[in-house]
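To start, the structure itself, in structure tokens.
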2 protein chains.
Amino acid sequence: MSDSAPSRPPTMRDVAKAAGVAVSSVSRTLADPETRKVGAETRSKILRAAEELGYSVNLAAANFRRRASGLILMVMPPRHPVIPVVLDVLHGADTVLAEKGYRMVVSNLAKSQEVNKLTVDLAFGGVPDGILVVSGSLPQDRGRSLLRAGVPTVSALYDLSWTGIPSVVTDDRDSASAVAQRLLAAGHRRFAYLSGPEGNYHETERFRGVSAAIAGAGLAGTELVRIEGDFSAASGEAAGRALLGQAERPTAVIACNDTMAIGLMHVLRSGGLRIPQDVSVVGYDGISWGRYVEPALTTVEIPGFEIGKAGADRLLRLMSGEAAPADAMRQAFPGRYLERASAAPPGA
Amino acid sequence: MSDSAPSRPPTMRDVAKAAGVAVSSVSRTLADPETRKVGAETRSKILRAAEELGYSVNLAAANFRRRASGLILMVMPPRHPVIPVVLDVLHGADTVLAEKGYRMVVSNLAKSQEVNKLTVDLAFGGVPDGILVVSGSLPQDRGRSLLRAGVPTVSALYDLSWTGIPSVVTDDRDSASAVAQRLLAAGHRRFAYLSGPEGNYHETERFRGVSAAIAGAGLAGTELVRIEGDFSAASGEAAGRALLGQAERPTAVIACNDTMAIGLMHVLRSGGLRIPQDVSVVGYDGISWGRYVEPALTTVEIPGFEIGKAGADRLLRLMSGEAAPADAMRQAFPGRYLERASAAPPGA
DNA sequence: TTGTACGCGTTATCAT
DNA sequence: ATGATAACGCGTACAA
């Protein structure tokens, strides 16, 4: 029937020719099928021709011409497995971005030199319409920082407001202080803090919150020891073993995330300790399966989904040129204390 | 010092002019800084000029011209939270894709009509160089299927080989049979199968495997009841409550994923049942925190990372025009039985 | 309302 | 090794 298969996919010209109209009409029609800038008859001719030719607009060309890609670069943290809260943030962001027709490009997860270059190149290449940072560490390449790519950027989960990047975060320091204060009020005096990796933003903030609350309480005999961890369950287990070997144990442990807290509890219980009677444990993040370990993990829930939504929202507004009011540089969602079974007054 | 800020970022022309060379030389140099098709002197002039002007190549233009974007579309399942195994697959794929300079575009997670259109449009628009499907359901839009977008496509985790899409999977049916056979050999006769959502690929396969093994054993008095679940922990808990209310309980439950198994165990234990003495429970997937619930969950570990790597590898080869040998249409990685504490001979 | 024509920034071809 | 120049496919200002 038809002639031999064309080596190239059809273009607008082909559609225009087939429909007997001008390319501009085709463009107008396809860009907005509901447009009234084109006559009903012409439109139907065009639509039919496009249908028959199996035509789709070449998005690469359109994006190039329009100087927009509909792509948002998500800068991911170099951690594996991906932190659950980060997933929540992504999900939240996706919800609002999808609604506006945007899709997410994910910075490669592995963080080698070359991979960082890839990410930075993409941003400097002007491909993404916006950047949402969901990572404490920013890809750099030969002194080029993501932040100077001239692309609207917002940070979620990590506070980058000091660099001029609007940030949507949770108030780690406050919620960490609140946790310590609760435990103090319950009668705890000997604390351990199970840290995240050195330099991590949440680690720093949460530790500060805990230390400040304990120091600020001004209670005699109050002490805080710091145990080094790295967010992994394994490091939580290691901390547990260390604790088991001690004579004078803390009565309460605050872990910088739930994963470590769970590893810790596991080892402590295997070692014969009762939780919370012998040791109270509080985690951080509010991961979903904290409910299912024993005892159910008391923790601080971070509203990742909300943060993702708000971050995407902020980004969209930034992209549309809306200047950020000064009070919007740092938007903080409070963490929520989830009282479950792993923490109680000492000895209770 | 310099003149007023230019409204437009510098182009290759600007660099060429500043360096006193032709744009083609600039292109050659910047496309491959190591190229020997350009003299050392011209190269350095070009590099310096680019540096001074703060020039970056416009990737949108380059992609357009080159007919390649360096982007791989990852089709995600419409489930929340994201299934842990899917994350492993992504991680594996990322590992090999990043090495080759590709980045991942994620299909929006929400699966509304419009969002599907977005994804399909992207593919038909010719933006992604390849598509990796990590989902059982494919985005459709007005009869246009992702698979007909003319973009090289590979499926990971879900078997799409019947549609002609090379698929890298795990052999669900076999491993499910193997689980049932182990339990039979241990003496179990009354089974329950806790299903995934109706129509789900893994659900179908695993149920088939379990049924086949139990039917095939030909042992008198062997029975299998099916309980409907949907992969969520809540549905596992519901199943647990149902079981608690029964007089004649199964001695072994095979759950279609770990999340449900964990919810189930939680309720069963709250109801006073001992696991595995009263009821054995086996999950599916091998999620990392199965170790930390009580008792530690026996499960079938799916090698998601390997599958992701192999899938990306397959895709890359497909993209480079390599025809798939017939035996590569379906590549299966075996699931691994992880024997832990939640399953044992009945009564033991 | 419809059509013409130019430009977007790069890469690739072809001469030199 | 280098330079001139023609596409690439689409959007849009402008003319009709």
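Throughout, a chain's letter reflects where its sequence line sits, starting with A, and its residues are numbered from 1.
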query = Would A/Asp94 and B/Asn108 count as having a side-chain donor-acceptor pair, cut-off 3.5 Å?
reply =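 Note: A/Asp94 and B/Asn108 side chains meet the donor-acceptor criterion.
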
Take the protein atom [atom1] of [X] and the nucleotide atom [atom2] of [N], then report the distance between them rounded to whole Å.
{"X": "A/Asp32", "N": "D/dC10", "atom1": "CG", "atom2": "P", "answer": "17 Å"}
{"X": "A/Lys45", "N": "C/dT1", "atom1": "NZ", "atom2": "P", "answer": "15 Å"}
{"X": "B/Met12", "N": "D/dG3", "atom1": "CE", "atom2": "P", "answer": "14 Å"}
{"X": "A/Glu41", "N": "C/dT1", "atom1": "CD", "atom2": "C1'", "answer": "12 Å"}
{"X": "B/Asn58", "N": "C/dT10", "atom1": "CG", "atom2": "P", "answer": "5 Å"}
{"X": "B/Asn63", "N": "C/dT11", "atom1": "CG", "atom2": "C1'", "answer": "12 Å"}
{"X": "B/Arg43", "N": "D/dA1", "atom1": "CZ", "atom2": "P", "answer": "11 Å"}
{"X": "A/Lys17", "N": "D/dC10", "atom1": "NZ", "atom2": "P", "answer": "13 Å"}

message = Here's a test of your reading of the structure: between B/Ala62 and B/Arg28, which maps to the more 5' nucleotide of DNA chain C?
response = B/Ala62

message = If you count heavy atoms of other groups shown closer than 6.0 angstrom to NZ of B/Lys45, is the number above 12?
response = yes

task = Taking A/Thr119 for its side chain and A/Pro139 for its backbone only, find out whether a donor-acceptor pair lies under 3.5 Å.
result =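 Looks like no, no N/O pair under 3.5 Å.
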
query = Can any side-chain N or O of B/Ser161 pair as donor or acceptor with the backbone N or O of B/Pro166 at less than 3.5 Å?
reply = no

When you measure from the side-chain N and O atoms of [X] to the phosphate of [N], is any distance below 4.0 Å, counting only OP1 and OP2?
{"X": "A/Tyr55", "N": "D/dG9", "answer": "no"}
{"X": "B/Ser25", "N": "D/dG3", "answer": "yes"}
{"X": "A/Thr42", "N": "C/dT1", "answer": "no"}
{"X": "A/Ser24", "N": "D/dT12", "answer": "no"}
{"X": "A/Arg13", "N": "D/dC10", "answer": "no"}
{"X": "B/Arg65", "N": "C/dG9", "answer": "no"}

ask   = Which of these nucleotides, D/dC8, C/dC8, D/dC10, is closest to any side-chain atom of A/Arg8?
value = D/dC8

inquiry  = One pair to check against side-chain contact (heavy atoms from CB on, under 4.5 Å): A/Val154 and A/Asp313. What are the steps and the verdict?
reply    = CA-CA 10 Å; A/Val154 164; A/Asp313 207 73; over 6 Å; no

inquiry  = Reading DNA chain D from 5' onward, which residue's closest nucleotide shows up sooner: B/Lys37 or A/Leu59?
reply    =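 Counting from the 5' end, the first nearest nucleotide belongs to B/Lys37.
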
